[in-house]
Amino acid sequence: MRIKSAAISWRYIPPGVEPHDFEPTPKEMVALTGADLFVYNGFGFEKWAERAAGMLDGQKTHIVNTSEKMDPVDEDPHVWLNPLLAKRQAEAIKDALVEVDPDNSETYKENFHKLAQQFDELDRKMQEITENAERTEIIVSHAAFGHLTKQYGLKQLSISGLSPSVEPSQKELQSIIDYARENEIKFIMFDAFVNSRLADVVKSEIGAEELRLDSLEIMTKEQLEQGENYFSIMKKNIDNLEKALN
């Protein structure tokens, strides 16, 4: 057979839209009920997707929570920022495709093998950087990098919470500034689509430079048109991490 319809949660989210706040239209929800396969991230990242999964007929639609068997890190849903966990997510999708469409199983397996090599290359580069790093802590604009930092022995000090809208108290903000000064941190890692006034305050207070660290929650239409993807953006992230850690 060939899959008639495969719904992936982030495909439903338009370019540039914050996934934490997204809600599908009634028409999109109706279309979803006709899918052979529904894939979502899990860990509470897409609230709407978890509700949708509970409404779908499991006998008709194969439902895949790609983070189902993973260990949470401080309730952080951004598992894909750890390339080894992203590889496990891709493998879960591959396994589901093989189950739903066994006639094309070899194609899915070959494509996964190619992806796995790219994930492994990101992991190799991250290991190389962190093994030779002069420091292990980074200041980030929001706490999206728990899975990444845990994997490679780093420490993230976040200005905002898991959601960019969750801001620290004045006491917490001062603690971040004091820590940055005491540890001579010279860079703040800004998420590409987070406009944080408080991050600017910290940057000004400690005289830090700005570097981009993309959580890959959002991709703009322009990025997609330019051919950007997970791997191209992660490579930029790694280059900036290398600079921040040295």
Side-chain angles (χ1 to χ4, degrees), residues 6-25 28-29 31-33 35 37-56 58 61-97 115 119 122 138 140-152 154 156 158-167 189-196 212-221 223-224 228-231 233-234 237:
I8 301 177
S9 69
W10 52 89
R11 272 193 176 179
Y12 272 66
I13 302 174
V17 173
E18 169 58 57
H20 293 289
D21 303 325
F22 173 76
E23 289 292 339
T25 65
E28 288 170 331
M29 286 300 298
L32 181 58
T33 62
L37 176 64
F38 178 52
V39 178
Y40 66 103
N41 182 76
F43 275 152
F45 182 66
E46 322 101 319
K47 297 293 186 183
W48 73 269
E50 294 182 0
R51 293 195 300 271
M55 296 167 56
L56 294 173
T61 303
H62 190 83
I63 301 168
V64 180
N65 174 353
T66 61
S67 61
E68 186 174 15
K69 297 180 180 180
M70 298 180 188
D71 296 324
V73 175
D74 298 328
E75 300 182 351
D76 185 352
H78 305 83
V79 293
W80 61 87
L81 293 172
N82 174 345
L84 296 182
L85 294 185
K87 183 169 73 169
R88 285 174 57 185
Q89 289 185 295
E91 186 172 19
I93 296 170
K94 179 263 295 180
D95 290 343
L97 288 167
L115 278 177
F119 287 123
L122 292 178
I138 55 173
V140 295
S141 55
H142 87 293
F145 304 93
H147 290 279
L148 175 70
T149 53
K150 180 182 179 181
Q151 178 67 42
Y152 300 103
L154 302 175
Q156 70 167 345
S158 61
I159 297 169
S160 300
L162 283 171
S163 171
S165 63
V166 179
E167 296 187 342
M189 314 294 288
F190 280 76
D191 197 343
F193 300 103
V194 173
N195 182 15
S196 174
R212 292 293 181 183
L213 192 62
D214 198 321
S215 67
L216 280 155
E217 286 185 13
I218 302 170
M219 287 192 70
T220 65
K221 182 179 179 181
Q223 283 180 307
L224 294 171
E228 294 275 23
N229 58 35
Y230 172 87
F231 295 102
I233 293 173
M234 280 296 292
N237 279 348

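The basis for the numbers below is simple: all heavy atoms, side chains too, and nothing from hydrogens, waters or symmetry mates. Just so it is clear, the model here is predicted, and its values are computed rather than measured. Numbering starts at 1 and runs along the sequence shown.
Contact between Asp214 and Gln223 at its shortest, heavy atoms only, is OD2-NE2, 4.2 Å. Residues Met70 and Thr66 share a closest heavy-atom pair of CE-O, 3.4 Å. The two atoms that bring Ile138 and Leu213 nearest to each other are CD1-CD2, 4.2 Å, heavy atoms only. When every heavy atom of Met219 is checked against every heavy atom of Glu228, the shortest pair comes out as CE-O, 3.4 Å. Heavy atoms only, all atoms of each residue included: Lys47 and Gly44 are closest at CE-O, 3.6 Å. When all heavy atoms of Asp71 and His147 are compared, the pair lying nearest together is O-CE1, 3.5 Å.
Close placement of the Phe119 and Phe231 rings is indicated, their centers lying within 6.0 Å of each other. Residues Phe145 and Tyr152 place their aromatic rings such that the two centres sit no closer than 6.0 Å.
Listed for the Asn82 side chain is no donor-acceptor partner under 3.5 Å among the backbone atoms of Gln151. A donor-acceptor pair is defined here as one N or O able to donate and one able to accept, closer than 3.5 Å; such a pair exists between the side chain of Glu28 and the backbone of Thr25. Formation of a donor-acceptor pair under 3.5 Å by the Ser158 side chain with backbone atoms of Val140 is not found in this model. The backbone N or O of Gly146 sits less than 3.5 Å from a side-chain atom of Asp76, completing a donor-acceptor pair.
For Asp191 and Ser215, the side-chain atoms include at least one donor-acceptor pair closer than 3.5 Å. Under 3.5 Å, the side chains of Gln89 and Asn41 contain a donor-acceptor pair of N or O atoms.
The structure places CD1 of Ile63 at 9.5 Å from CG of Leu37, a figure rounded to the nearest 0.5 Å. Going from atom OG of Ser67 over to atom NE2 of His78 covers 12.0 Å, rounded to the nearest 0.5 Å. Summarising the geometry, atom CG belonging to Leu84 is positioned 9.5 Å from atom CG belonging to Leu122; distances are rounded to the nearest 0.5 Å. Taken from CD in Glu46 to CZ in Arg51, the straight-line distance is 11.0 Å, to the nearest 0.5 Å. Taken to the nearest 0.5 Å, the CG atom of Asn237 stands 6.5 Å off from the CG atom of Leu216. Expressed to the nearest 0.5 Å, how far OG1 of Thr149 lies from CD of Gln156 amounts to 4.5 Å.
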- Item | Worked verdict on Met234 versus Leu81 for side-chain contact (heavy atoms from CB on, under 4.5 Å) | CA-CA 8 Å; Met234 280 296 292; Leu81 293 172; 4.0 Å; yes

- Message: Run the side-chain contact (heavy atoms from CB on, under 4.5 Å) test on Met29 and Glu23 for me, step by step, so that the C-alpha distance in whole Å, both residues' side-chain angles and the decisive distance to 0.1 Å come before the verdict.
- Response: CA-CA 10 Å; Met29 286 300 298; Glu23 289 292 339; over 6 Å; no

- Task: Could you walk me through whether Tyr40 and Trp48 pass the ring-ring contact (aromatic ring centres under 6.0 Å, His included) test, one step at a time?
- Result: CA-CA 10 Å; Tyr40 66 103; Trp48 73 269; 8.5 Å; no

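The pair Glu68-Arg88 does not count as a salt bridge, with every side-chain nitrogen at least 4.0 angstrom from each carboxylate oxygen.
In this structure, the side chains of Phe38 and Val64 stay at 4.5 Å or more apart for every pair of heavy atoms.
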